[in-house]
> 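What follows is a single structure, and I will ask about it in a moment.
All values below were derived from every heavy atom in this structure, side-chain atoms included, with hydrogens, water molecules and symmetry-related copies excluded. Worth saying up front: this structure is predicted, and the values here are computed from it rather than measured. Reminder, nothing fancy here: chain letters follow the sequence lines and each chain counts from 1.
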Number of protein chains: 2
Amino acid sequence: MSLNCKYEKVLEVLLGKWKTAILYQLYSKGTMRFGELQRAIPDITKKMLTQQLRELEYHDILLREVYHQIPPKVEYSISAYGQGLLPVLLEMNDWGMAHIQHLNELYGEEGSVKAFVSRIDEIAGK
Amino acid sequence: MSLNCKYEKVLEVLLGKWKTAILYQLYSKGTMRFGELQRAIPDITKKMLTQQLRELEYHDILLREVYHQIPPKVEYSISAYGQGLLPVLLEMNDWGMAHIQHLNELYGEEGSVKAFVSRIDEIAGK
DNA sequence: AAACGTAGTATATAAAAAGATACCATAAGG
DNA sequence: CCTTATGGTATCTTTTTATATACTACGTTT
């Protein structure tokens, strides 16, 4: 078996409450400005958006282009390297959708978070 | 594009500091007892181990078999359904290994966490 | 009768992540 | 000369996660 724990690296790259939403926007829409991203992702703060963008940029998933003008303009997009992550995300996506279905079958519609918590309590015998 | 944010579900399943290690053990070794898992994963506490096992059990990734004897014996293994997660993990694994390599090329060997932090600071202009 | 082994639970604490809010620089437009 | 727009940063508080440590149940062994 060639599973050697390195898939954790993917988790590291995707880790953070907002990465999913950011990547979804950028993979779908191509290029977006900072403010555009912020408007597209309700409730995210500038701080969080900046932080998560920097982390993705560090991992070379994102490209950041600064236009030196005032008011400032900064554009974000998926890098060429970052495109290579897409197939992985798509496979995760497929499994994820099937899993939501599976959880419904196991625990019913109301499911997801609510059922999750109470099921945990139940398993724990509370 | 069929990326619709559901890959987040995989993250949810894999979320938690110790899930990676637990799954690694169980996918590799098949069936393990509670204490065996604890010994195989240095530094994990019983509390964390129990919690993470329960979460994986909730998601039907794991099977928990209780032998009613004293001292107690409880065996954990990957469920049939959980086997379906393996291809996803393997693909994540492949990308992860390549990514570690990519980060080395970008930032050098000492890299990973240390370089990560300082690079973030650098990008942030500190 | 006390100690051991197993698979936990309970409770309190510390550390990490996220959120709220205020602030900054600068040019253009009124 | 005051306001607006943009893309942030700084600081503090709250929430979420993880850790440390002690405790339990019970049959078997010493």
> Could you check how far NE2 of B:His68 sits from P of C:dG8, rounded to whole Å?
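To the nearest whole Å, that distance equals 11 Å.
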> Shortest non-hydrogen contact from A:Ala40 to A:Met32?
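Smallest interatomic distance, heavy atoms only, reads CB-CE, 3.9 Å.
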> Nearest heavy-atom pair of B:Gln38 and B:Ile44: which atoms, and what distance?
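Scanning both residues, the minimum pair turns out to be NE2-O, 3.7 Å.
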> Would A:Glu36 and A:Arg39 pass as an ion pair if we require N to O under 4.0 Å?
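No.
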> Counting the atoms with a prime plus P, OP1 and OP2 as sugar-phosphate, which does A:Tyr76 contact under 4.0 Å by heavy atoms, base, sugar-phosphate, or nothing?
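Touches sugar-phosphate only.
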> Would B:Leu63 and B:Leu14 show up in the same hydrophobic cluster when neighbours are defined by side-chain heavy atoms closer than 4.5 Å?
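Shared cluster, no.
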> Mind checking the CE-OG1 spacing from B:Met92 to B:Thr20? Nearest 0.5 Å is all I need.
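With rounding to 0.5 Å, CE (B:Met92) is 8.0 Å from OG1 (B:Thr20).
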> Please tabulate, one pair per line, all N/O donor-acceptor pairs under 3.5 Å involving side-chain atoms of residues 75-91 of chain B, not counting sequence neighbours.
from, atom 1, to, atom 2, distance (Å)
B:Glu75, OE1, B:Tyr67, OH, 3.0
B:Tyr76, OH, B:Arg64, NE, 3.1
B:Ser79, OG, B:Asp60, O, 2.5
B:Ser79, OG, B:Ile61, O, 3.2
B:Ser79, OG, B:Tyr81, N, 3.4
B:Ser79, OG, B:Gly82, N, 2.8
B:Tyr81, OH, A:His99, ND1, 2.6

> Nearest-Å distance, CD (A:Glu57) to C1' (D:dG8)?
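One finds 13 Å between C1' of D:dG8 and CD of A:Glu57, rounded.
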> Is there any protein nitrogen or oxygen under 3.5 Å from a nitrogen or oxygen in nucleotides 16-18 of chain C, and what are the pairs?
from, atom 1, to, atom 2, distance (Å)
C:dA18, OP1, A:Lys17, N, 2.9

> Rounded off to whole Å, could you give me the CZ-to-C1' distance for the B:Arg64 and C:dA7 pair?
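Answer to the nearest Å: 8 Å.
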> Under 4.0 Å between a side-chain N/O of B:Arg33 and OP1 or OP2 of C:dA7, yes or no?
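For C:dA7, OP1/OP2 do have a side-chain N/O of B:Arg33 under 4.0 Å.
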> Yes or no on side chain to side chain contact (heavy atoms under 4.5 Å, CB included) for B:Thr45 and B:Thr50, after CA distance, side-chain angles and deciding distance?
CA-CA 8 Å; B:Thr45 62; B:Thr50 304; over 6 Å; no
> B:Glu65 CD to C:dA7 P: how many Å, rounded?
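Distance, rounded to whole Å: 13 Å.
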> Roughly what angle, to 10°, lies between the helix axis at the start of the helix from C:dA1-D:dT30 to C:dG30-D:dC1 and the one at its end, five pairs per end?
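Roughly 30° between the end axes, to the nearest 10°.
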> Give the rounded distance in Å between these two atoms: CD of B:Glu55 and C1' of D:dA18.
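Taking atom C1' of D:dA18 as the reference, CD of B:Glu55 is at 12 Å.
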> Any sub-3.5 Å donor-acceptor pair from A:Tyr24's side-chain atoms to A:Lys19's backbone N or O?
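Checked: no pair found.
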> If you take all heavy atoms of A:Leu15 and A:Glu55, which pair is closest and at what distance?
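So the minimum-distance heavy-atom pair works out to O-OE1, 4.2 Å.
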> Under a 3.5 Å cutoff, is there a donor and acceptor pairing between the side chains of A:Lys29 and A:Gln25?
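Yes, because at least one side-chain N or O of A:Lys29 sits under 3.5 Å from a partner of the opposite role on A:Gln25.
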> Any chance you could measure B:Leu53, atom CG, to B:Leu26, atom CG, to the nearest 0.5 Å?
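Nearest 0.5 Å value for the CG-CG distance: 7.5 Å.
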> Using atom CD of A:Gln69 as one end and atom C1' of C:dA25 as the other, report the distance to the nearest whole Å.
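So the two atoms are 15 Å apart, to the nearest Å.
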> Expected output is a numbered-order residue list: members of residues 34-46 of chain A with a heavy atom under 4.0 Å from any atom of DNA chain D. What is it?
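Within residues 34-46 of chain A, the residues near DNA chain D are A:Phe34, A:Gly35, A:Lys46.
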> Does A:Arg54 have a side-chain nitrogen or oxygen under 4.0 Å from the phosphate oxygens OP1 or OP2 of D:dG8?
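Checking A:Arg54 against D:dG8: at least one side-chain N or O falls below 4.0 Å of OP1 or OP2.
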> Atom CE of B:Met32 and atom C1' of C:dA7: how far apart are they, to the nearest Å?
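It works out to 15 Å between those atoms.
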> Between protein and nucleotides 24-30 of chain D, what N or O pairs are separated by less than 3.5 Å?
none

> Quick one, A:Val13 with B:Trp95, criterion side chain to side chain contact (heavy atoms under 4.5 Å, CB included). Give me CA distance, side-chain angles, the key distance, then yes/no.
CA-CA 11 Å; A:Val13 171; B:Trp95 189 90; 3.9 Å; yes
> Test of understanding: with side chain to side chain donor-acceptor pair (under 3.5 Å), list the residues that count as partners of A:Lys17, not counting sequence neighbours.
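Here no residue qualifies.
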